[in-house]
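For clarity, every value in this text was computed on a predicted model and none was experimentally measured.
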Amino acid sequence: ILERHALPDGADAPVITESLIYESGGLRIAGFLAYPADAPTRAEPLPCLIFNRGGNRDFGAITPERFARMAAMVCSWGYILVASNYRGGPGSEGADEFGGADVDDVINALPIFDQLPFADGTRIGMWGHSRGGMMTYIALTRTNRIKAAIIGAGLADMERSFRERPEMETGVAAECVPGWPATRAEAIAARSAVRWVEKLPATTPILIIHGTADWRVDPRDAMDMAQKLY
């Protein structure tokens, strides 16, 4: 953690929320931290959770207000919560690559817990929605520190997403993914978990949640992932 700043939740709030800056690949990444107010005095260190946001660039970014609402829920369960706006998002340096080098910003958030004496760094979960689900799938292939994962309406088949919503390719991938369209096939494969389920850790439980009314991410992404995992 390079910087920590308390967010104005009130001196007697049951949850402490902070904004923070941490380093990832030489970039300053903006994020948020929350924990129960009595965490430093509890007898046992608390389990941890990283939330991976959806959207891209400013769209879907985590705001202090949104984080506070999320923190009130998660911290009431006795968890420490960390969330990142990834590179290219509000307050962060660099450029959003929509599942490229920005996945490093997820991995490099893990040491935040190691700096908190009341955090149990051996019990870390990860929770991602939409694009954040894609980020979570990729992160699971790069670290063994995640003990459980939740995928909410997670993007798992980018080719289908572009077929169903062409504006996602022209307005997001073409603007964010380096070298597009020359790297199109390689980039799609790297970001589509349905193509490499065997890389996911077999001992990490994954909860997949999706609604059939979702028009942003096709629910078949969840069903295909479940079938391939079976």
Side-chain angles (χ1 to χ4, degrees), residues 19-32 50-63 66-67 82-110 126-143 146 149-196 199-200 210 214-222 224-225:
S19 63
L20 55 83
I21 299 291
Y22 66 99
E23 185 176 6
S24 177
L27 300 172
R28 293 169 61 88
I29 305 300
F32 296 90
I50 289 182
F51 176 76
N52 293 330
R53 52 159 283 211
N56 63 92
R57 295 164 288 191
D58 289 352
F59 176 70
I62 301 173
T63 64
R66 179 186 176 195
F67 183 73
V82 164
S84 166
N85 265 330
Y86 318 137
R87 62 190 64 190
S92 296
E93 296 177 342
D96 191 337
E97 296 187 7
F98 202 71
D102 39 61
V103 178
D104 292 342
D105 305 338
V106 173
I107 304 299
N108 289 326
L110 291 168
M126 189 169 285
W127 172 20
H129 274 260
S130 193
R131 177 262 184 90
M134 173 186 69
M135 302 286 278
T136 301
Y137 280 133
I138 300 172
L140 288 172
T141 70
R142 298 189 185 179
T143 176
I146 307 305
I150 303 170
I151 308 294
L155 177 61
D157 188 337
M158 187 172 279
E159 186 73 68
R160 175 162 55 211
S161 182
F162 292 161
R163 187 167 59 249
E164 298 292 331
R165 297 181 61 205
E167 69 274 14
M168 279 293 294
E169 179 168 3
T170 57
V172 179
E175 296 178 1
C176 294
V177 178
W180 198 274
T183 62
R184 184 183 188 278
E186 178 183 354
I188 287 175
R191 291 161 172 80
S192 299
V194 292
R195 303 194 184 188
W196 36 261
K199 294 183 179 180
L200 295 170
H210 214 127
D214 192 342
W215 61 269
R216 292 188 184 276
V217 178
D218 195 306
R220 288 175 293 179
D221 281 29
D224 287 351
M225 281 300 297

Set of residues satisfying ring-ring contact (aromatic ring centres under 6.0 Å, His included) with respect to Tyr22, sequence neighbours excluded: none
Partner residues of Trp180 under the ring-ring contact (aromatic ring centres under 6.0 Å, His included) criterion, sequence neighbours left out: Phe162
Considering non-hydrogen atoms only, spot the tightest contact between [X] and [Y] and give its length.
| X | Y | answer |
| --- | --- | --- |
| Ser130 | Gly54 | CB-CA, 4.4 Å |
| Ile21 | Gly91 | CD1-O, 4.3 Å |
| Gly89 | Asp58 | C-OD1, 4.5 Å |
| Thr183 | Pro178 | OG1-O, 2.9 Å |
| Val217 | Gly154 | CG1-O, 3.6 Å |
| Gly94 | Leu27 | CA-CD1, 3.9 Å |

Tell me, do [X] and [Y] make a side-chain contact under 4.5 Å, heavy atoms counted?
| X | Y | result |
| --- | --- | --- |
| Ile138 | Trp196 | yes |
| Phe98 | Met168 | yes |
| Asp221 | Leu155 | yes |
| Glu23 | Ile29 | no |
| Tyr137 | Ile151 | yes |

[X] side-chain N/O to [Y] backbone N/O, donor-acceptor pair under 3.5 Å:
| X | Y | result |
| --- | --- | --- |
| Arg87 | Val103 | no |
| Thr141 | Leu200 | no |
| Ser24 | Asn108 | no |
| Trp127 | Gly152 | no |

For the atom pair [atom1] ([X]) and [atom2] ([Y]), what is the distance rounded to the nearest 0.5 Å?
| X | Y | atom1 | atom2 | value |
| --- | --- | --- | --- | --- |
| Ser192 | Met158 | OG | CE | 6.0 Å |
| Asn56 | Glu175 | CG | CD | 8.5 Å |
| Thr63 | Phe32 | OG1 | CZ | 7.0 Å |
| Lys199 | Arg142 | NZ | CZ | 9.5 Å |
| Ser84 | Arg53 | OG | CZ | 8.0 Å |
| Ser19 | Phe67 | OG | CZ | 10.0 Å |

His129 vs Met135, side chain to side chain contact (heavy atoms under 4.5 Å, CB included): CA-CA, chis, key distance, verdict: CA-CA 9 Å; His129 274 260; Met135 302 286 278; over 6 Å; no
Under a 4.0 Å threshold between the charged nitrogen and the carboxylate oxygen, would [Y] count as salt-bridged to [X]?
| X | Y | value |
| --- | --- | --- |
| Arg131 | Asp102 | yes |
| Arg165 | Asp218 | no |
| Arg191 | Glu97 | no |
| Asp96 | Arg57 | no |
| Arg195 | Asp157 | no |

Asn52 and Thr136: CA distance, side-chain angles, deciding distance, side chain to side chain donor-acceptor pair (under 3.5 Å) verdict: CA-CA 7 Å; Asn52 293 330; Thr136 301; 2.9 Å; yes
Glu186 atom CD, neighbour heavy-atom count above 12 within 6.0 Å: no
From CA spacing to verdict: side chain to side chain contact (heavy atoms under 4.5 Å, CB included), Val172, Glu167: CA-CA 7 Å; Val172 179; Glu167 69 274 14; over 6 Å; no
Stepwise side chain to side chain contact (heavy atoms under 4.5 Å, CB included) test for Val194 and Met225: CA-CA 6 Å; Val194 292; Met225 281 300 297; 3.6 Å; yes
Candidate pair Leu110 and Ile50, rule side chain to side chain contact (heavy atoms under 4.5 Å, CB included), full reasoning: CA-CA 8 Å; Leu110 291 168; Ile50 289 182; 3.6 Å; yes
Intermediate values then yes/no, salt bridge (Lys or Arg N to Asp or Glu O under 4.0 Å), Arg216 and Glu164: CA-CA 9 Å; Arg216 292 188 184 276; Glu164 298 292 331; over 6 Å; no
